[in-house]
Amino acid sequence: MQCGQRFVFMSEYSASQIEAIFHHCFYQSFQTVLVGGALEPLYQPSAKTSDDHQIFYREDFLQSALHEVAHWCLAGEARRQQVDYGYWYVPESQRAPDMQQTFIQVEAKPQALERCFTEALGCKFRPSFDNIDGYDSAQLIEFESLINKKYIALKQDGLPPRALRFFNALAAFANENP
């Protein structure tokens, strides 16, 4: 895995371009599509074998698209058969401190993978802090540190197969569209 040598603003690429890359990489083998325009992210498995699985991301935000693909790349086959991969989600305003801590632990690896994806595009990664008001400064530092540790582990150990395929497609796209 190589990191981008130049950094661009995320807005130089569109979320629809990421949708097309995802479709090219995974539609045939996983019958899964990436769909923008949602108010909230959600993974929706197909109701029947003839339907597509859908990964919804917020509005037309490129970072949200990459983040949701990271979750999908980490989810195993059984999790990909469940709405939102079978994970719990408590709205940020309703999380107790222990729930917020659990969220930090669960969210670090997908964000580390998202960082890899942004770097494949040559973009600068920004951690997304869900419920920013629910963190104290020590938790923010801890969360960034945990993301960084997971990122380093991914670089050392290599990306999971679907993530590597997507990473390589993003890097090829960025090289063709500097």
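Predicted model, so just to flag it, every value in this text is computed and none were measured.
You'll find the side chain of F166 reaches within 4.5 Å of the side chain of F117, heavy atoms only. Looking at heavy atoms from C-beta onward, N148 lies in side-chain contact with R115 at the 4.5 angstrom threshold. Taking 4.5 Å as the limit, some side-chain heavy atom of Q44 sits within range of a side-chain heavy atom of V83. Between S46 and D52, every side-chain heavy-atom pair lies at or beyond the 4.5 Å cut-off. Counting heavy atoms from C-beta outward, V33 and H53 have side chains that stay 4.5 Å or more apart. Within the 4.5 Å cutoff, no side-chain heavy atoms of I55 are placed close to those of V35. In this structure, K109 and L154 have side chains that are in contact, with non-hydrogen atoms separated by less than 4.5 Å.
Separating the CG atom in L62 from the OH atom in Y57 is a distance of 8.0 Å, to the nearest 0.5 Å. Atom CG of L74 and atom OH of Y85 lie 9.5 Å apart (nearest 0.5 Å). To the nearest 0.5 Å, atoms SG (C116) and CD (E114) are separated by 10.0 Å.
Between the side chains of Q111 and S128, at least one donor N or O lies within less than 3.5 Å of an accepting N or O. For E119 and Y151, the side-chain atoms include at least one donor-acceptor pair closer than 3.5 Å.
In this structure, R165 is positioned above the aromatic face of F26, its NZ or CZ under 6.0 Å from the six-membered ring centre and within 45° of the axis. Figure legend: R162 and F167 shown without cation-pi pairing, the cationic atom not lying both under 6.0 angstrom from the six-membered ring centre and within 45 degrees of its axis.
When the side chains of ILVMFWY residues are joined at heavy-atom separations under 4.5 Å, either directly or via intervening members, F22 and F30 end up in a single hydrophobic cluster. Transitive grouping of hydrophobic side chains (ILVMFWY, heavy atoms separated by less than 4.5 Å) brings F125 and L140 into a common cluster. Cluster membership for L170 and L164, using ILVMFWY side-chain heavy atoms within less than 4.5 angstrom, is shared.
Listed for the D60 side chain is no donor-acceptor partner under 3.5 Å among the backbone atoms of A15.
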